[in-house]
Visitor: 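Attaching a single structure in structure tokens format; questions to follow.
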Amino acid sequence: MFNGFSDKLTLTKSLSGEVIELDQRRVRIRENQSGLMALSYIAPIFDVMDLENFFDSMDSSGKLVMDIGGAGGFNVNFRGIIDGKAKNFSKNLDHKIILLEQPRCSRPGEYFQI
């Protein structure tokens, strides 16, 4: 039975299975034509600290599965996390931008033998 979609954006580390859930109402997603996505996340400081801890040990090419609202996960590559530009937020809010990239399929000419 279908229960509808959730209000969470879930990021799962492919290797460890570690998961973080973000409130979708606090996330804005932008994507450019080259497949780079910027997740702008404005949340209470403690939630942002959890986000920073989640990505703390992750390489800038780490593999993640992103699921928006329980619609089904898709693969993305982590590219980094940066501070967002300060706006007139209350003192208990912080702004981070998570950079992600959709995996690129290799073309036959890109294969090589080792």
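The figures here come from the full heavy-atom set of this structure, side chains too, leaving out hydrogens, waters and symmetry mates. No experiment lies behind these values; they were computed from the predicted model shown.
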Visitor: Mind checking what makes side-chain contact (heavy atoms from CB on, under 4.5 Å) contact with Asn32, not counting sequence neighbours?
Guide: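 Listed in chain order: Ser34, Leu36.
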Visitor: Among residues at least two apart in sequence or on other chains, which ones pass side-chain contact (heavy atoms from CB on, under 4.5 Å) with Leu99?
Guide: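 Once residues adjacent in sequence are excluded, the partners of Leu99 under the side-chain contact (heavy atoms from CB on, under 4.5 Å) criterion are Ala38, Arg79, Ile97.
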Visitor: Any chance you could pull the hydrophobic cluster mates of Leu15, using side-chain heavy atoms under 4.5 angstrom and chaining through other members?
Guide: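 Besides Leu15, the cluster holds no residue at all.
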Visitor: Show every salt bridge (Lys or Arg N to Asp or Glu O under 4.0 Å) that has at least one partner inside residues 30-51, sequence neighbours left out.
Guide: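 Salt bridge (Lys or Arg N to Asp or Glu O under 4.0 Å) check on residues 30-51 returns no pairs.
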Visitor: Under the side-chain contact (heavy atoms from CB on, under 4.5 Å) test, which residues partner Asn75, sequence neighbours left out?
Guide: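 Per chain and number, Asn75 pairs via side-chain contact (heavy atoms from CB on, under 4.5 Å) with Val65, Pro103.
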Visitor: With distance as the sole test, does Gln24 use its side chain to make a donor-acceptor pair with the main-chain N or O of Ser6 at under 3.5 Å?
Guide: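 Judged by distance alone, yes, a pair lies under 3.5 Å.
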Visitor: Which residues pass the salt bridge (Lys or Arg N to Asp or Glu O under 4.0 Å) test with Arg26, not counting sequence neighbours?
Guide: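 With neighbours one apart ignored, the set is empty.
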Visitor: Which pairs count as side chain to side chain donor-acceptor pair (under 3.5 Å) when at least one residue sits in residues 8-19, sequence neighbours excluded?
Guide: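 Of all non-adjacent pairs touching residues 8-19, those that pass side chain to side chain donor-acceptor pair (under 3.5 Å) are Lys13-Glu18.
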Visitor: Can you list everything that forms a side chain to side chain donor-acceptor pair (under 3.5 Å) with Asp23? Sequence neighbours excluded, please.
Guide: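 Expected list: Arg25.
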Visitor: Residues sharing Leu22's hydrophobic cluster, by side-chain heavy-atom contacts under 4.5 Å among ILVMFWY, directly or via others?
Guide: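 Under the 4.5 Å side-chain rule, Leu22 groups with Leu9, Leu11, Ile20, Val27, Ile29, Met37, Leu39, Tyr41, Val48, Leu51, Phe54, Phe55, Met58, Leu64, Met66, Ile68, Phe74, Val76, Phe78, Ile81, Ile98, Leu100.
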Visitor: Looking at residues at least two apart in the chain, or sitting in another chain, which of them share a salt bridge (Lys or Arg N to Asp or Glu O under 4.0 Å) with Asp83?
Guide: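 Salt bridge (Lys or Arg N to Asp or Glu O under 4.0 Å) list for Asp83, sorted by chain: Lys96.
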Visitor: Only counting residues at least two apart or in another chain, list the ones meeting side chain to side chain donor-acceptor pair (under 3.5 Å) with Asp59.
Guide: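 For Asp59 there are no side chain to side chain donor-acceptor pair (under 3.5 Å) partners, ignoring immediate neighbours.
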